[in-house]
Amino acid sequence: AAKPKLWYFHGRGRMESIRWLLAAAGVEFEEEFLETREQYEKLQKDGRLLFGQVPLVEIDGMELTQTRAILSYLAAKYNLHGKDPKETVRIDMYADGTLDLMLMVALAAFKPPEEKEESLALVVKKAKTRYFPVFEKILKDHGEDFLVGNKFSWADIQLLEAILMVEELDGSVLCDFPLLKEFKTRISNIPTIKKFLQPGSQRKPPPDSHYVEAVRNVLQL
Ligand SMILES: CCCCC[C@H]1O[C@@H](O)C[C@@H]1SC[C@H](NC(=O)CC[C@H](N)C(=O)O)C(=O)NCC(=O)O
């Protein structure tokens, strides 16, 4: 079968969690990077963007947009979405929490410097006071290696991505979360994720001014 093809900017944004899920599932994918307004307008003109937005993922003969829908489809397709509706809704809840936190980081990149610093400080505060305490408690109460059931799921991938993203902002953020520290080591050592964390993978770097300029240029923000 053809490899999935991802259409987005050359940066994390909303597409990074999709890259993480595919990589963790051991699925090779291709990428088309939007650098010009013309590329974006052609996708729109060709009717490939349902609401005129990216991420766009071509997979299984479909053209998928809406990040959450894509992630949910991929999680189900690669058996990372729980064994029944009760497990799946927990995975969805945990994943949505990490997506909320990571979107704050993605959007902060587009703010003026002083606002950006304030936003990123708020991300670290929210991680420490809202999100990470929740996941630490889940791991403690659940007493398993993974967040849901005793099986690796999409929620575990999202949490690792979020932990690493917040650690880029504050390297000591896990000092009060011993179970999250162990979780980070455990999940980072899963072979497909270990490979994705090596240099040269399709994992994208933190947003920089070039990425922000490219997005502004393409979207005419
Ligand atoms: C000022 C904020 C700029 C954000 C730029 C991008 O970084 C991301 O975090 C958000 C966007 S991604 C690009 C943006 N896509 C979305 O907002 C998708 C939202 C959708 N609900 C999803 O989850 O996929 C886009 O195509 N916009 C064109 C436009 O709506 O006309």
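Start at 1 and go down the list; that is how both ligands and their atoms are numbered.
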Determine whether the side chains of Tyr94 and Asp156 contain a donor N or O and an acceptor N or O closer than 3.5 Å.
no
Under 3.5 Å between any N/O of Phe9 and any N/O of ligand 1: does that happen in this structure?
no
Relative to atom 18 (C) of ligand 1, which among Leu56, Thr67, Val54 owns the nearest non-hydrogen atom?
Val54
Is it the case that His142 and Asn150 place a side-chain donor and acceptor less than 3.5 Å from each other?
no
Quick check on contacts: which atoms of ligand 1 are under 4.0 angstrom from a heavy atom of Val215?
5 (C)
For Pro55, counting its heavy atoms only, list the atoms of ligand 1 lying under 4.0 Å from any of them.
24 (O)
Going by side chain to side chain donor-acceptor pair (under 3.5 Å), name the residues that satisfy it together with Lys5, two or more places apart in sequence or in a different chain.
none
Checking side-chain polar atoms at under 3.5 Å, does Ser17 have a donor or acceptor matched by the opposite partner on Glu161?
yes
Considering only heavy atoms, does Leu103 approach ligand 1 within less than 4.0 Å through its side chain, its backbone, both, or neither?
side chain
Which of the atoms of ligand 1 are close to Tyr40, meaning less than 4.0 Å from one of its heavy atoms?
28 (C), 29 (C), 31 (O)
Examine the proximity of ligand 1 to Leu221 and report which part, side chain or backbone, both or neither, has a heavy atom under 4.0 Å away.
side chain
Identify, by atom number and element, the atoms of ligand 1 in contact range of Leu219, meaning under 4.0 Å from any of its heavy atoms.
13 (C), 27 (N), 28 (C)
Sequence neighbours excluded, which residues qualify as side chain to side chain donor-acceptor pair (under 3.5 Å) partners of Lys181?
none
Using distance alone, determine whether Arg68 and ligand 1 share an N or O pair under 3.5 Å.
no
